[in-house]
Amino acid sequence: MSVATDPEPRADPSNGAIAAALDELGDLYELDGAIVHRVVAYRSAARAVRDATVSVAALARAGRATELPGIGRTLEQKILDLITTGSIPAAAKLRARFPPGLIDLTRLPGLGPKRARRLFDELGIDSLDALREAAEHQRLRELRGFGARFEEGVLAALATGEGLRPAPRILLNRALAMAEAIVDRLRAHPAAERVEVAGSARRLTDSVKDLDLVAASPRPDELARALAHLDMIETSQATGPAGARARTHSGLTVELRVGAPEQFGNLLQHLTGSKAHNQALREAAVRRGLHVSEYGILEAATGVEHHHAREEDVYAQLGLPYIEPELRENRGELEAAALPQLVTVDDLRGDLHSHTVASDGRNTIEQMALAARDRGYEYLAVTDHSATHGFGNDVSPAELEVQIERVHEVNARLEGIEVLAGSEVNILPDGALDYEDELLARLDWVIASVHTAFSMSERAMTDRMLAAIEHPLVDAIGHPTGRLIDRRSPYALDIDRVIAAAARTGTMLEINGNPDRRDLNDVHARAAARAGVRILIDSDAHGTNTLGMVRWSVATARRAWLTADQVVNTLPWDRFAPLRKRVRAAG
DNA sequence: GCCGTTTTCGGCCCGACTGTTTTCAGTCG
């Protein structure tokens with residue numbers, strides 16, 4: 001580090017840091033006894049900041065943070081305070097009054113801000129340790145509204161750690177496999193009329209906390225009891241007269257709700273969520289004199305409750321078109337004049353990211369090409385790892401030359417599929433690629449990815465990525481942010497600069513279909529497509545049996561509001577081929 | 001604290017469950 005003569009300008013806080021500060025302030029105001037709507041306003045603002053693809057700090061400095069939904073003049077000023085001084089005065093003041101351990105108390109099941117505050121005010125309890133000690137000495141029951149049962153509950157929760165750590169999440173592919181197996185079994189039950197997956201699994205989120213299933217039956221209690229007898233279920237208990245909560249042997253919680261067939265649409269709509277979508281939907285409905293619940297839609301003027309067997313009719317009565325589950329996140333779907341026709345797996349005509357035995361794949365070029373053709377594809381790019389990949393899976397320049405010949409030979413021999421000689425080239429820390437340009441120029445396709453040196457500064461990593469995007473022989477960027485869902489954060493990256501550069505240069509950005517990656521994510525992919533970036537949907541298959549992982553890539557694309565038009569590999573080969581940068585540069 | 005086909009104030013989803021309580025506030029999804 002050089003010795004700075006000028007004072008170092010304060011680095012802008014990331015959107016994540018701003019969102020965390022707003023969430024904390026919401027927690028503090030809640031302890032302070034603020035009305036619930038004010039607290040909700042902070043949480044909703046935090047969500048808007050987290051979802052934003054532009055730098056909210058930069059937006060606030062330009063006086064434009066109020067363009068984000070749920071952020072007004074007051075919150076913009078608080079964000080500005082955070083940027084310029086490093087903290088929000090209101091938060092500092094409240095932190096002095098409420099010890100940090102107090103917020104931990106509200107994480108316990110059954111203990112919210114109101115009751116935590118009373119424990120603090122009346123017994124001086126300011127941490128989980130203090131709570132445990134008070135419970136052990138039976139001092140909690142002295143408080144009006146608290147009793148022996150509560151003390152037992154506290155000690156049990158502290159012993160198991162329940163609620164103290166965030167519940168483990170499970171990736172969508174595993175969750176849906178289990179959900180679909182359970183649904184199949186329940187559908188076979190004689191009391192079942194309809195059984196569907198609901199909740200976040202139906203919305204195809206990155207990962208889920210639990211499974212929500214919805215069923216219609218003329219004998220709801222009978223079907224709810226049937227859940228307990230499936231062989232994947234370890235334990236199950238009734239929740240109300242027409243529901244059950246179960247645990248699979250793999251530890252996944254399953255919630256089943258059964259309703260009357262004529263109300264199935266209402267129940268499915270309610271339990272699909274998201275919470276934010278439903279809340280906004282209901283607020284809009286109230287303005288029309290309608291009250292929406294999982295049981296029906298109550299017409300305030302007449303007192304009549306309307307039941308709907310079909311979800312489409314729920315939306316229709318609210319004056320809305322059917323909204324695909326993937327769009328139900330309150331990200332504009334209720335206000336949109338028209339909703340997009342979302343891309344499907346069947347729209348895909350090719351796959352531009354796959355591996356063979358030349359690097360870490362399990363199948364040969366020919367096997368991969370035949371499997372791609374069997375899927376109905378017109379083209380497949382073979383993109384093994386490059387010279388510096390390591391793990392014994394690197395492809396030296398000399399080996400790549402041989403591989404190009406092999407691909408061309410297979411391509412000449414096979415009818416009905418265009419096989420591209422490609423590479424997944426490493427982007428080195430300085431932004432250079434690990435093959436010479438002369439060799440890259442002999443390929444039909446290059447997708448460039450970062451596989452090393454993840455912990456660079458945002459500026460350095462963004463410059464590194466931009467160098468690759470500017471390279472005339474880089475056709476696309478693979479898994480652009482490097483995240484692994486719930487396991488590894490994306491590397492620091494100014495995604496706006498990446499998107500702008502990709503749009504300007506015609507470099508395609510991938511949504512990688514590996515269920516651990518799904519990278520770009522939904523929010524970034526939507527911003528990229530909106531900026532005119534050509535989006536690729538790839539499997540990153542390492543064998544013939546994983547070409548189908550495009551399912552997860554399509555799931556993310558649909559959550560990103562993408563139409564087939566915005567996904568470049570929905571084009572037939574003769575229209576895709578000329579869009580490659582290398583072709584456009586040559587032409 | 002935000003927001004507007006109830007526009008600058010007065011609203012801001014809906015229902016179930018829990019524990020402790022004689023009618024409900026708080027919590028949760």
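Proteins come first, then strands; the chains are lettered A, B, ... in the order of their sequence lines, and each starts at number 1.
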Examine [N]: is either OP1 or OP2 under 4.0 Å from a nitrogen or oxygen in the side chain of [X]? Give yes or no.
| X | N | answer |
| --- | --- | --- |
| A:H291 | B:dC14 | yes |
| A:Y295 | B:dA16 | yes |
| A:R149 | B:dG19 | yes |
| A:T74 | B:dC2 | yes |

What is the distance, rounded to the nearest whole Å, between atom [atom1] of [X] and atom [atom2] of [N]?
| X | N | atom1 | atom2 | result |
| --- | --- | --- | --- | --- |
| A:E24 | B:dG1 | CD | P | 15 Å |
| A:L31 | B:dT27 | CG | P | 10 Å |
| A:R118 | B:dT27 | CZ | P | 10 Å |
| A:K275 | B:dC28 | NZ | P | 10 Å |
| A:F150 | B:dG19 | CZ | C1' | 10 Å |
| A:R144 | B:dT20 | CZ | C1' | 9 Å |
| A:L334 | B:dC12 | CG | C1' | 16 Å |
| A:I35 | B:dG10 | CD1 | P | 14 Å |

Is there a side chain to side chain contact (heavy atoms under 4.5 Å, CB included) between A:R115 and A:F150? Walk through the geometry before answering. CA-CA 11 Å; A:R115 283 153 59 87; A:F150 177 72; 3.3 Å; yes
Between [N] and [M], how far is it from one [atom1] atom to the other, in whole Å?
| N | M | atom1 | result |
| --- | --- | --- | --- |
| B:dC17 | B:dT23 | C1' | 16 Å |
| B:dG1 | B:dT6 | P | 26 Å |
| B:dG10 | B:dG15 | C1' | 25 Å |
| B:dT20 | B:dC13 | C1' | 27 Å |
| B:dC14 | B:dT8 | C1' | 29 Å |
| B:dT21 | B:dT27 | P | 16 Å |

Let's see if you can work this out: which of [options] has an atom nearest to the side-chain heavy atoms of [X]?
| X | options | value |
| --- | --- | --- |
| A:S293 | B:dT6, B:dC14, B:dG1 | B:dC14 |
| A:R287 | B:dT6, B:dC14, B:dC2 | B:dT6 |
| A:R282 | B:dC2, B:dG26, B:dC13 | B:dC13 |

B:dG19: pairing nucleotide in any strand, Watson-Crick or G-U under 3.5 angstrom: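 Here B:dG19 is engaged in a pair, and the nucleotide opposite it is B:dC24.
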Does A:E294 or A:K78 map to a spot on DNA chain B nearer the 5' end, using the closest nucleotide for each? A:K78
When you match A:H37 and A:H270 each to their closest nucleotide on DNA chain B, which lands nearer the 5' end?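 This one resolves to A:H37.
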When all nucleic acid strands are considered with a 4.0 Å heavy-atom cut-off, which category describes [X]: base, sugar-phosphate, or nothing?
| X | value |
| --- | --- |
| A:V36 | nothing |
| A:I71 | sugar-phosphate |
| A:L22 | nothing |
| A:Q279 | base |
| A:R38 | base |
| A:K209 | nothing |

Quick one: do the [X] and [Y] side chains pair a donor with an acceptor below 3.5 Å?
| X | Y | answer |
| --- | --- | --- |
| A:R245 | A:T239 | no |
| A:R282 | A:H270 | yes |
| A:Y315 | A:Q269 | yes |

Identify whether NZ of Lys or CZ of Arg in A:R526 sits under 6.0 Å from the centre of the six-membered ring of A:W561 and within 45° of that ring's axis. yes
Quick one, A:E324 and A:Q341 - any side-chain contact, counting heavy atoms below 4.5 Å?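 No, too far: nothing below the 4.5 Å cut-off.
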Residue of the set A:R141, A:R139, A:H137 for which side chain to side chain donor-acceptor pair (under 3.5 Å) holds with A:E151: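 One option only clears the test, and that one is A:R141.
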